[in-house]
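Have a look at the structure below, then the notes.
Protein chains get the first letters and strands the later ones, always in sequence-line order, with residue 1 at the start of each. Atoms considered below: every heavy atom in the structure, side chains included; atoms not considered: hydrogens, waters and symmetry mates.
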Number of protein chains: 2
Amino acid sequence: MFSKSCEYAFRALIYIGLCSQKGEKTSLKYIAENIDSPQSFTAKILQKLSKANILVSEKGANGGFIITQEKLQTTRLYDVVIVVDGDKIFTGCALGLVKCNSEKPCPLHYSFLEVREKLRKTMLHTNLEDMVNGASDGSSVLRL
Amino acid sequence: MFSKSCEYAFRALIYIGLCSQKGEKTSLKYIAENIDSPQSFTAKILQKLSKANILVSEKGANGGFIITQEKLQTTRLYDVVIVVDGDKIFTGCALGLVKCNSEKPCPLHYSFLEVREKLRKTMLHTNLEDMVNGASDGSSVLRL
DNA sequence: TATAATTCGGATAAAAATGTCCGAATAATA
DNA sequence: TATTATTCGGACATTTTTATCCGAATTATA
Ligand code: FES
Ligand code: FES
């Protein structure tokens, strides 16, 4: 459904969120370890999220990544997907027509709209805090 | 959502279905032209669909591809996705955990299940005939 | 039988996604 | 100030996906 980059982004943000809620800054090394992702590749994704102002990075010794409570509450998974994967999944045609539109719908258009809207609503209504809370109350996990 | 291969597969099957319903056999050349896809790449996909017994290919001069009425009715989009893209989209974890399961759910698991199930049901309930009918009654198109 | 039109299958190429490496910049701290 | 731990950013490498090419096999038909 989502690219690996996006999956890593989700997991990293949740982990950073967990730390930030405990007032802890965390570094790339620990992030990658805890979400089971390739370290250098994860670095690129964090840079992107940082430039998109979803998280804050601090350089130098004792540096690392944090995410503010405000961002935890206001950042929806939708925003993360847009930053990392773009909007194709929310707007693209199921059959790959250059543009999905109801004027000239493809044969799957109306059924597919429902799926896409379901996805869109889910991603719009879930913010990072929801995910972090799920992970911190033990009802869900970040790695197997 | 789906790979390009899968998108081409959908479009090709619909076009072949349209021809087959008119009792016409059609060839790679016309398929690629009508669905606006790269010819040789489309060939590979058709071979795969042919091996999966979703369509019938005939070699030699005046050869081409046909799909039986029976297959049009019994083949669901779900089956096409499984053949071309595998089952990842129907079973994979939203966060990329190695296995999605409700015993050890990721923080998005239950919300994501709903999206995935919506997609799964849509693809299970739509067969090729539905798509072909939409395209033949003029209510939808295969290319822009 | 010869020719032409077609699918088949393997090799190769190009592009995109994923992943790694390294030196520079930065900042804490000894 | 020197060292150390860290992010940044660019270059590079690998893998996967997408795309092309070509010769062989097949079959209708002239
Ligand atoms: S036109 Fe294909 S999904 Fe809308
Ligand atoms: S465990 Fe992640 S979607 Fe089920």
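Annotation: side chain of A:L18 is not in contact with side chain of A:N34 (no heavy-atom distance under 4.5 Å).
Both A:G60 and A:S3 lie close to DNA chain C; mapped to their nearest nucleotides by heavy-atom distance, the more 5′-ward contact belongs to A:S3.
A donor-acceptor pair is defined here as one N or O able to donate and one able to accept, closer than 3.5 Å; no such pair exists between the side chain of A:R76 and the backbone of A:M123. A donor-acceptor pair under 3.5 Å is absent between the side-chain atoms of B:R120 and the main chain of B:I89, judged by distance alone. Formation of a donor-acceptor pair under 3.5 Å by the B:R143 side chain with backbone atoms of B:E33 is found in this model.
Each of C:dT20, C:dA5, D:dT7 was ranked by its minimum atom distance to the side chain of A:F41; first place goes to C:dT20. Distances were taken from every side-chain heavy atom of A:F65 (C-beta onward) to each of C:dC8, D:dT18, D:dT7; the shortest belongs to D:dT7. For B:A61, counting side-chain heavy atoms from C-beta on, the closest listed nucleotide (C:dT7, D:dT6, D:dA28) is D:dA28.
Rounded to whole Å, atom P of D:dT6 lies 10 Å from atom NZ of A:K25. Between A:E58 atom CD and D:dC8 atom P the separation is 10 Å, expressed in whole Å. In this structure, A:D85 places its CG atom 15 Å from P of C:dA16, rounding to the nearest Å. For B:F2 and D:dT18, the CZ to P distance is 13 Å, given to the nearest whole Å. One can place NZ of A:K59 at 17 Å from C1' of D:dT4, the figure rounded to the nearest angstrom. Summarising the geometry, the separation between CD1 on A:I31 and P on D:dA5 is reported as 18 Å, rounded to the nearest angstrom. Atom pair B:I45:CD1 and D:dT18:P shows a separation of 8 Å (rounding to whole Å applied). Atom pair B:K88:NZ and C:dA17:P shows a separation of 14 Å (rounding to whole Å applied).
Contact annotation for A:L46: no contact, since no heavy-atom pair falls under 4.0 Å across all strands. Among the protein residues, B:K44 comes within range of the nucleic acid bases, having at least one heavy atom under 4.0 Å from a base atom. Backbone-only contact: B:S57 has heavy atoms under 4.0 Å from sugar-phosphate atoms and none from a base. Contacts of A:S40 with the nucleic acid, taken as non-hydrogen atoms under 4.0 Å apart, include base atoms. Nucleic acid contact for A:Q39: none, since no nucleic acid atom lies under 4.0 Å from a heavy atom of the residue.
A tilted orientation is assigned to the rings of A:F90 and A:Y78, their planes being inclined by 30° to 60°.
Taking the six-membered ring for Trp and the full ring otherwise, B:F2 and B:F10 have centroids separated by under 6.0 Å.
Atoms CD1 and CG, from B:I14 and B:L77 in turn, are 7.5 Å apart once rounded to the nearest 0.5 Å.
Only B:K4, B:S5, B:Y8, listed by number, bring a heavy atom of residues 4-20 of chain B to less than 4.0 angstrom from any atom of DNA chain D.
Annotation: B:K25, atom NZ; neighbour count of heavy atoms from other residues, nucleotides and ligands within 6.0 Å is above 12.
No N or O donor and acceptor, one from the side chain of B:K51 and one from the base of C:dG9, sit under 3.5 Å apart.
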